[in-house]
Structures are given as C-alpha cells and as structure tokens.
Amino acid sequence: MEEPRYYDIRHVSGVSTHIDVENGRIDSAGSSFYDVALLRVLGKKGWGLVIIENFSGKTKKDIEGFIREAMRYASVTEEEVILGDAPSGLLDVPKTENNPADVSLEEKCDLLRAIESSARIDGIVSTRAGYVEGSSTVYFTDSCGNEYSYPVCRSGYGINAIAGRNGNMQAARESERTIAGLNMYHKEHKGLEAAERALKLLDATPAKGGIMNAVLDQELAGVFAHEAVGHASEGDLVKEGVSVLKGCIGEKIGDSALSVTDDPTLHEFGFMPLDAEGVKPKKTAIIKNGVLNSYIHNRQTLALIGDGDAGHARAEGGAVPQVRMSNTFIENGDSTYDEIVAECRNGVLLKGSRGGQVDPGRGVFQFNAEYGYVIENGELAGMIRDVSLSGDILKTMHNIVLCGNDLRLNQGYCGKGGQSVPVTDGSPHVLLRDAVVGGQGV
C-alpha cells in the first residue's frame with residue numbers, strides 16, 4: 001500500500017470539572033474524562049483523518065492499522081495539500097501554584113459559593129456563578145521524528161448578577177480565567193463588583209446614538225482586536241477570499257498609532273507551548289504602526305498564501321487543527337488615560353463587552369458595550385447603558401488615533417468551525433474618532 005507523505009498524531013487526555021451555583025444553591029457539579037487522538041495522514045493529494053477514542057494503550061500495530069485506514073480515506077481526496085516549512089519545538093510550560101487538581105471539589109464549591117453570595121445584596125434579584133477546569137496532557141508525534149508531551153491546566157470562574165426594579169432588569173458580569181492555578185481565593189469582591197454595577201445600571205440613562213468620538217476601554221478595544229482584526233488575518237479566511245485584509249500586506253490600513261499582535265508565547269489563557277501541528281509558536285506582529293505586516297497561518301495556509309508565520313494551528317482534542325488566534329492585543333501607545341479622555345472632548349466612554357458580530361469578508365462589525373459614560377468637555381459625565389459600537393473595520397483602524405499606556409488582557413473562549421479554544425484579547429484605552437455609536441435615539 002502507498003506510504004503517506006506525512007502523518008501526525010495529537011493525543012489529548014485529561015479531566016474536565018464544572019460547578020454551577022444559582023441563587024445560593026449548587027445547581028450542578030461533576031467531572032468528565034477524555035482520552036482521544038486525531039491521526040492525520042497526507043496521501044498522494046490530501047488528508048485522511050481518523051479519530052481514535054481511548055487512545056491510551058494503543059500498540060504500534062494498532063497505530064499502523066489506523067494509518068492504513070486513514071490512507072484509504074486520503075486516497076479519495078482531491079484537494080492537493082502542500083505543507084510549508086516551520087520549525088518544530090516545545091516552549092517551557094510555566095509552573096502552576098495552587099494546582100486545581102490538588103484541591104477538593106468540596107473546597108472549590110465553597111470558594112465559588114463565597115463569590116456568588118457576595119453578589120446577593122439588596123436590589124439583586126438573581127445570581128449565577130460557574131467554575132470550569134480542564135486538566136490535560138497533550139502528546140504529539142509525527143513522521144518526521146518529532147515527539148512532544150506537556151501538561152496544562154486551565155481554570156476560571158464567572159459571576160453574573162441581575163438587578164431589578166419596577167420591571168427594569170439590568171445584568172453585570174465578572175470573570176477570570178488562568179493557566180497559573182486555582183484563582184478563586186479571596187475573590188469575594190468580584191461578586192460584589194458585579195452586583196454594584198448591575199444596581200448602577202438601573203439608574204443609567206439609555207444611550208443616544210450617533211457619530212461621535214469614543215474612548216474604548218481595554219475590554220471592548222480588545223474585542224475589536226480579536227474579532228475584527230485577528231479573524232480577518234487568519235490564513236484560511238484569506239485563502240477563501242472572505243477577509244477584508246486579503247491582498248493588503250504592506251499597505252497602510254490603519255493609523256500609525258495602531259499595532260496589533262498575536263503572541264502564543266505569553267503565559268496567558270491563550271498560551272500554546274506547541275501548536276496543534278507540532279510547530280514552535282512565536283510572536284506575530286499582524287499590524288505594525290498601521291501597516292499590515294503579517295497573516296497568521298497553519299502549515300497549509302502558509303504554503304498557499306505566505307506573508308506570515310505558521311504556529312497558529314489549534315484544535316480541541318480529537319478535532320482537525322484550524323488557523324486560530326491565541327493572545328491577541330493592541331500594543332501600548334504612550335498616552336495616559338486622562339490624556340485620551342481629555343482629547344476626546346465630547347463623546348462617550350464605552351466599557352466592557354456583551355458580545356456582537358463581525359463579518360471579516362464584508363469588513364463590518366457590531367459590538368455591544370456593557371455600559372458607558374458620556375464625556376463632556378474632556379470629563380466623564382453621566383452613566384449610560386444599552387449602547388453599541390459598529391462600523392467598517394478598515395475605516396475604524398484609520399480612526400484609532402491614540403493608544404494608551406495601560407494595556408490589560410481579558411480571558412475567554414473563541415468559537416470557530418464548531419470548535420472552542422481558550423484565548424486572551426486586550427488593549428490599552430484607545431481614542432476612536434467619528435465612531436458609529438448605537439443607542440435608543442440619534
């Protein structure tokens with residue numbers, strides 16, 4: 001039988017734990033176990049794939065059988081695949097303090113309930129807190145002789161508080177996720193912060209929409225960096241012609257104040273010691289001083305598109321690697337927060353994120369802020385709610401004219417192609433000229 005041009009195996013095994021607390025009561029708690037691998041072989045033209053459950057303990061003879069099976073699948077593929085060259089290697093995994101795996105489920109429940117109970121103050125009508133932990137060992141090997149293994153534990157909590165008065169309901173949320181160990185100790189203040197903000201939103205004024213100057217906080221500007229810039233720079237979207245950044249390498253696509261980076265080497269929630277194709281990750285400057293510098297790639301899109309770095313392939317256990325971001329952020333500038341608000345003069349400060357949507361092919365986006373403040377004569381005035389930001393990606397990048405010196409990163413998950421992976425995004429405060437702000441009136 002024909003031999004594969006290349007093959008690799010990515011095996012992920014571990015334990016996933018979750019706890020949910022609602023209104024003072026533990027709603028659910030439990031763990032699940034996973035032990036799954038994806039075997040890819042590259043036949044005469046394209047990939048053949050086999051998902052192997054309970055991979056631990058499989059023998060060399062078993063694997064040879066799976067390779068033959070995958071080659072049969074590869075023999076019917078018609079897309080010709082070429083892999084770009086990229087250095088293989090494993091980054092050091094940081095040591096973990098307070099390893100969640102060493103803490104009992106009962107103690108984790110007590111810690112989460114303490115955070116949730118701190119949000120149950122007068123005026124709060126509902127609270128819900130959740131904890132998720134995934135402790136995995138990842139093993140990678142390929143036909144080139146590369147072989148790596150590393151452990152990683154990602155965990156974090158979130159707390160939602162809903163305030164109500166006379167039929168007006170307002171919600172606020174706090175969350176933290178990390179690879180550094182159990183992070184629920186002494187975090188009762190996070191529940192209280194969510195509750196107090198939800199209460200303040202009851203008295204906030206619905207925003208008036210229009211075109212105005214806007215200061216974006218680190219979270220909302222980070223969402224723009226991830227959703228609008230990061231996804232548009234992914235090599236598979238560029239290849240498919242559904243990215244507004246296609247064909248723009250070397251072009252001035254933003255103000256000189258704007259630089260955007262994806263850095264999987266940072267010890268943040270999106271840290272990757274090894275990408276899903278065995279490539280050693282490295283920092284990639286997507287935009288440098290307003291000029292599109294690089295796309296992000298897996299080995300296949302690197303060979304097809306060029307102009308960037310491989311090492312950005314990611315996958316859930318047993319799933320096909322996709323081009324994905326890791327830790328994506330707008331680089332610091334040299335302005336202070338006070339200078340940015342003063343330079344805004346009249347407009348709005350938009351804070352936090354309640355999601356939204358982006359179309360990287362058409363180059364448009366719409367994000368909902370959690371809340372904001374009116375800015376009058378360079379100073380904060382009243383609090384506003386029900387406010388959003390929308391616009392054209394390229395025009396927005398030209399209109400980001402000031403970047404602060406207070407970069408902050410936020411952790412979360414990114415969904416794409418049916419898979420969800422841990423990521424971080426972030427930014428300093430930025431000043432956006434002529435922002436399209438949505439509200440209840442114009």
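Scope of the values below: all heavy atoms of this structure, side chains included, with no hydrogens, waters or symmetry mates.
- Under the 4.5 Å side-chain criterion, counting only non-hydrogen atoms from C-beta, L91 is in contact with K280.
- Of the candidates I115, D27, L112, V21 forms a side chain to side chain contact (heavy atoms under 4.5 Å, CB included) with just one, namely L112.
- Residue pairs meeting the ring-ring contact (aromatic ring centres under 6.0 Å, His included) criterion with at least one partner in residues 393-434, sequence neighbours excluded, are F269-Y413, Y337-H429.
- Evaluation of the ring pair (Phe, Tyr, Trp, His ring centres under 6.0 Å) rule for F140 yields no partner, not counting sequence neighbours.
- Applying the salt bridge (Lys or Arg N to Asp or Glu O under 4.0 Å) test to E22 and every residue at least two apart in sequence or in another chain returns R128.
- A 4.5 Å side-chain heavy-atom check between I296 and R324 finds every atom pair outside the cut-off.
- Taking 4.5 Å as the limit, every side-chain heavy atom of S427 sits out of range of all side-chain heavy atoms of L216.
- Side-chain contact check for M383 versus D203: every heavy-atom pair is 4.5 Å or farther apart.
- Under the ring-ring contact (aromatic ring centres under 6.0 Å, His included) criterion, the residue pairs touching residues 231-266 are H226-H231, with sequence neighbours excluded.
- Residues forming a salt bridge (Lys or Arg N to Asp or Glu O under 4.0 Å) with R40 (at least two apart in sequence, or on another chain): D8, E277.
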Only pairs under 3.5 Å count here: list side-chain donor-acceptor contacts from residues 308-320, not counting sequence neighbours, and write none if there are none.
residue: D309; atom: OD2; partner: T284; partner atom: OG1; Å: 3.0
residue: H312; atom: ND1; partner: D262; partner atom: OD2; Å: 3.2
residue: H312; atom: NE2; partner: T284; partner atom: OG1; Å: 3.0
residue: R314; atom: NH1; partner: M325; partner atom: O; Å: 2.9
residue: R314; atom: NH1; partner: P422; partner atom: O; Å: 2.7
residue: R314; atom: NH2; partner: P422; partner atom: O; Å: 3.0
residue: E316; atom: OE2; partner: S420; partner atom: N; Å: 2.7

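- Pairs engaging residues 98-119 under the ring-ring contact (aromatic ring centres under 6.0 Å, His included) rule: none recorded [sequence neighbours left out].
- Under the 4.5 Å side-chain criterion, counting only non-hydrogen atoms from C-beta, I159 is not in contact with K187.
- For the salt bridge (Lys or Arg N to Asp or Glu O under 4.0 Å) test, residues two or more places apart in sequence or in another chain that qualify with E174 are K190, R197.
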Distance-only criterion, 3.5 Å: show the donor-acceptor pairs between side-chain atoms of residues 242-251 and protein atoms not counting sequence neighbours.
residue: S243; atom: OG; partner: A232; partner atom: O; Å: 2.4
residue: S243; atom: OG; partner: L245; partner atom: N; Å: 3.0

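- The main-chain N or O of G352 is found under 3.5 Å from a side-chain atom of D217 such that the two form a donor-acceptor pair.
- With sequence neighbours excluded, the residues that form a ring pair (Phe, Tyr, Trp, His ring centres under 6.0 Å) with F224 are F365.
- Contact check for L432 versus T396: side-chain heavy atoms found under the 4.5 Å cut-off.
- Side-chain contact annotation: S28 with D20, donor-acceptor N/O pair under 3.5 Å present.
- Judged as a ring-ring contact (aromatic ring centres under 6.0 Å, His included), not a single pair has a partner in residues 164-203 (not counting sequence neighbours).
- The residues E116 and R120 are annotated as salt-bridged, a charged nitrogen and a carboxylate oxygen being separated by less than 4.0 angstrom.
- Looking at residues two or more places apart in sequence or on another chain, you find a side-chain contact (heavy atoms from CB on, under 4.5 Å) between D263 and T261, T265, L266, K283, F329.
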